[in-house]
Amino acid sequence: MSGGFETVFSTAIIGIGLLASPEGQVIQEKAYEDIVSVYGSVEEAFKSSISEEKSTYVVAFVREVLRFYPPLHLLPPRQTYQEFVYNGSTIPKGMLVYMNAQAINHGKQTAKGSPDLH
C-alpha cells in the first residue's frame, strides 16, 4: 500500500473545484434540491447529515468523484494467472500488471461499451 500526498482530501478538493465550475452549478442546484427534499430544511440537514447519508444525489456525486479521481492512482500489482492475447500482444502467465485506476476511469468507451485503453 502506498501513502503520501494523494489522499481522499485531495479528491475532495477536486470535487469542490468541480462544484465551483459553471457545470458544477447545475450539480449544486440538484444536490440542494435533494437535500431539502430529504431533510425538509437546510437547518435539519446541517444537524443530521453528519451522521447519516440520506441524500442519494449527494452520495452518488461523492462516489462518482471518488471513482473518477481515486485517492490511490496506481493500484497494487496483480499477477496474470494464464497467458492471453491483448491487442495482438501475448501477455505471459505470471506477468506483474500495474493498473492506473484514474487512467482506466478516464478511458473513452468503445462501441461495445468496454474501455478503450489506447
*Asks:* Which other residues belong to the hydrophobic cluster containing Val42, where Ile, Leu, Val, Met, Phe, Trp and Tyr are joined when side-chain heavy atoms lie under 4.5 Å apart, directly or via other members?
*Replies:* Tyr32, Val36
*Asks:* Can you establish whether the number of heavy atoms outside Glu52 located under 6.0 Å from its atom CD is more than 12?
*Replies:* yes
*Asks:* Glu33: which residues meet the salt bridge (charged side-chain N to carboxylate O under 4.0 Å, His left out) condition with it, sequence neighbours left out?
*Replies:* none
*Asks:* Once salt bridge (charged side-chain N to carboxylate O under 4.0 Å, His left out) is applied, do any residues pair with Glu64, and if so which ones, sequence neighbours excluded?
*Replies:* Arg67
*Asks:* Test of understanding: with salt bridge (charged side-chain N to carboxylate O under 4.0 Å, His left out), list the residues that count as partners of Lys30, not counting sequence neighbours.
*Replies:* none
*Asks:* Hey, could you give me the CD/CD1 distance between Gln28 and Ile35, rounded to the nearest 0.5 Å?
*Replies:* 10.0 Å
*Asks:* Taking atom OG1 of Thr11 and atom CD1 of Ile16, what is their separation to the nearest 0.5 Å?
*Replies:* 11.0 Å
*Asks:* Does Met99 reach the side chain of Ile104, with side-chain heavy atoms less than 4.5 Å apart?
*Replies:* yes
*Asks:* Rounded to the nearest 0.5 Å, how far does CZ of Arg63 lie from OG1 of Thr56?
*Replies:* 10.0 Å
*Asks:* Under 4.5 Å between side-chain heavy atoms, hopping through other hydrophobics if needed: is there a path connecting Tyr86 to Met95?
*Replies:* yes
*Asks:* Between Pro77 and Leu96, which heavy-atom pair has the shortest distance, and what is it?
*Replies:* CB-CD2, 4.2 Å
*Asks:* Ignoring hydrogens, what is the shortest heavy-atom contact between Val58 and Ala31? Give both atom names and the distance.
*Replies:* CG2-CB, 3.9 Å
*Asks:* Is there a donor-acceptor contact under 3.5 Å from the side chain of Ser48 to the main chain of Ala45?
*Replies:* no
*Asks:* For Tyr57, is there any backbone N or O sitting under 3.5 Å from a side-chain donor or acceptor partner on Asp34?
*Replies:* yes
*Asks:* Hydrophobic clusters join Ile, Leu, Val, Met, Phe, Trp and Tyr when side-chain heavy atoms are under 4.5 Å apart, directly or via other members; which others share one with Ile50?
*Replies:* none
*Asks:* Hey, quick one: are Tyr81 and Phe84 part of the same hydrophobic cluster, counting side-chain heavy atoms closer than 4.5 Å, chains of contacts allowed?
*Replies:* no
*Asks:* List the atom of Leu19, the atom of Gln25, and the distance in Å for their closest heavy-atom pair.
*Replies:* O-NE2, 3.1 Å
*Asks:* Under the salt bridge (charged side-chain N to carboxylate O under 4.0 Å, His left out) rule, collect the residues that match up with Arg78, sequence neighbours excluded.
*Replies:* none
*Asks:* Applying side-chain contact (heavy atoms from CB on, under 4.5 Å) to Leu75 and Tyr98, what does each step give before you reach the verdict?
*Replies:* CA-CA 7 Å; Leu75 299 176; Tyr98 291 87; over 6 Å; no
*Asks:* Donor-acceptor pair, Thr90 side chain versus Val85 backbone, under 3.5 Å?
*Replies:* no
*Asks:* When you measure from the side chain of Thr80 to the backbone N and O of Gly94, does any donor-acceptor pair fall under 3.5 Å?
*Replies:* yes
